[in-house]
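Scroll down for the structure; my scribbles are underneath it.
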Amino acid sequence: MKCREAERLFYEVGEERLDPEALLSLRAHEESCSRCRQEFAAWRVYRKAFESEAMRITPPPGFAARVISRLEEAAPSTGSSRRGILEAFRRNVLVKGAIAAAAALALLTGSLAFAEKYWFNSSAPRIVQEETDGRSAPGGLREDGKIKEIKEEVQVSSPQEEAAPGEAAAEPESGEGETETGNSAPTPNVPKPKPEKPAANEDRQYRFMDNKKRVITTTMVKATVADIEQAHRLALGIAQSEGAEVTSTVTARNNGRANLILRCTVPPERAKSLISRLEGLGTVKTRDTSVTDVTNNFSRTLEEYRSLSAKLAEAPEGEKEQLRNQVEFLARQLQEWDEASEKEVIVLWLED
Amino acid sequence: MSKPEKLRLDPDRIDVRLLIRQAQAGDKKAFEELVIIYQDKVYTLSYYLTGNHSDAQDLAQEVFLKAYSSLRSFRLEADLGTWLHRITVNTWSNMRRGRNQVLSLDDPLQTEDGEMERPLADGDPTSDPAVALEEKEVQVMVQHAIRSLPEEYRAALVLREMEGYTYEEIAGIMGCSLGTVKSRLNRARRALKEKILRPVDHCQRG
């Protein structure tokens with residue numbers, strides 16, 4: 001079988017519609033062709049995402065009732081409602097576009113480990129092995145357990161005002177970090193205060209350097225521990241003593257076993273010590289370090305930030321609130337990149 | 001963020017034809033039931049076409065209003081879901097044509113602020129937190145990558161990979177040739193991969 005025919009069967013017909021003979025032929029081709037094998041393996045991961053319930057978007061409650069209400073109140077012609085829709089598009093499309101770009105960049109960059117796993121190292125044998133392991137696979141994820149509880153804390157640093165070029169990306173001023181992180185909190189999952197919004201008539205200006213390289217180093221450590229709550233408390237204490245900032249915590253329960261994923265940032269010179277001490281909490285199963293260059297992403301987002309800031313300055317009062325929120329969001333994204341690139345990111349995954 | 005409670009009605013287990021006939025006769029209650037049955041399908045496509053909930057709601061409402069006004073011409077032997085998807089694509093195309101072209105097709109679309117929450121925040125039930133993290137991340141990656149695709153790619157990809165239509169059915173829904181569908185899907189897949197790969201282009205493993 002040629003690659004073109006394999007692609008036709010895989011994409012156009014679809015594996016689920018292939019008869020057994022064609023399916024065998026496709027599998028045989030994959031065995032012999034590493035390019036198709038890798039491509040199909042990657043696309044199966046995407047396909048699984050496409051088919052997941054999470055990808056289906058649900059309308060808000062009362063949607064059907066609103067449709068009927070509009071039917072009853074509207075004239076047969078829908079011309080006026082269309083005009084309303086078009087006006088809404090004109091109002092929203094430009095300013096939201098910038099947010100979308102930043103959102104995508106942030107999320108995609110945050111998914112480095114996953115992308116690496118499936119794109120840079122994907123091959124059929126590896127995928128099959130992972131499938132057997134129940135971790136992930138093109139054929140389906142393990143369904144034998146339920147997460148009973150997932151919580152998360154997300155902390156966003158407050159942007160600094162009136163910083164000199166380059167300084168907005170630096171660490172918070174003395175004292176601010178302690179207040180924000182709450183690293184010393186003895187119990188997990190305590191919501192952290194969100195940064196205050198500026199007053200309605202206050203438009204902050206942040207300054208970012210766009211001519212420097214930004215590289216984010218992330219180390220993921222997975223370890224088993226005897227007592228996850230105790231390990232969590234110890235991890236928070238270690239993080240605090242190493243000058244790390246805990247940015248998010250996820251807890252979950254799987255088949256009666258507690259799991260916890262903790263993300264923090266730490267000055268590079270303290271990263272090695274922090275990792276070593278965190279690894280001492282239990283038995284390390286895996287450790288993986290990756291490096292991502294976000295320089296281009298930062299520059300693009302910074303352009304959008306500046307563009308929106310300019311619009312905000314000239315916008316009528318009625319539009320300022322929405323613009324201000326978007327500008328603040330971009331500023332936070334830029335700050336997160338800045339901070340992560342000046343520190344190292346450590347992700348600790350504990351299970352008991 | 002709590003998700004709205006889903007009202008799930010399976011078209012296979014409900015006499016959709018009866019509802020259609022009643023709605024064709026002007027029964028708005030029957031039509032409301034049809035809306036409830038098909039709202040997820042229409043809204044999902046609307047969302048991926050528009051890229052945000054506000055416009056998706058407008059588009060989906062418009063689709064059902066048009067569907068109601070044209071329901072008398074609907075043939076009962078056809079599939080109502082496919083018909084509604086065709087209306088969705090047509091309505092979206094008309095709306096895009098009718099307004100000033102502020103964005104190019106390659107520009108990213110808007111998103112809601114709430115979607116920037118961390119992937120694990122809503123806790124999908126799965127067996128392993130790492131799997132949950134990865135599964136959620138790839139869903140988020142794909143969602144955002146889809147919304148950054150040109151609209152004709154976006155529609156073809158959603159109709160194929162999420163709704164499971166054949167290439168021929170997609171051609172009918174989008175009003176284009178089979179060759180065009182093939183071409184768009186090939187390009188959409190390439191673009192999707194590229195958009196997910198791009199942020200890690202310079203990655204090195206330590």
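Here is the naming used below: chain letters follow the sequence lines, and residue numbers restart at 1 for every chain. The model shown is predicted, which means the values in this text are computed figures rather than measured ones.
- Comparing Arg189(B), Lys28(B), Gln61(B) by heavy-atom pairs within less than 4.5 Å of chain A, the highest count is held by Arg189(B).
- Relative orientation of the Tyr68(B) and Phe31(B) rings is perpendicular, given thresholds of 30° and 60° on the angle between their planes.
- Looking at Val13(A), only its backbone comes within 4.5 Å of chain B, counting heavy atoms on both sides.
- Crowding of Arg17(A) atom CZ: a count of heavy atoms from other residues, nucleotides or ligands under 6.0 Å exceeding 12.
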In a table with atom names and distances, give each donor-acceptor pair under 3.5 Å that connects a side chain of residues 178-186 of chain B to protein atoms at least two apart or in another chain.
from, atom 1, to, atom 2, distance (Å)
Thr180(B), OG1, Ser177(B), OG, 2.8
Lys182(B), NZ, Glu12(A), OE2, 3.4
Asn186(B), ND2, Lys182(B), O, 3.3

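- Shown here are the side-chain contact (heavy atoms from CB on, under 4.5 Å) partners of Gln57(B), two or more places apart in sequence or in another chain: Pro60(A), Arg66(A), Tyr43(B).
- Using a 4.5 Å cut-off between heavy atoms, Leu34(B) makes no contact with chain A at all.
- Ranking Thr219(A), Val215(A), Ile68(A) against chain B, the residue ahead of the rest is Ile68(A), based on heavy-atom pairs under 4.5 Å.
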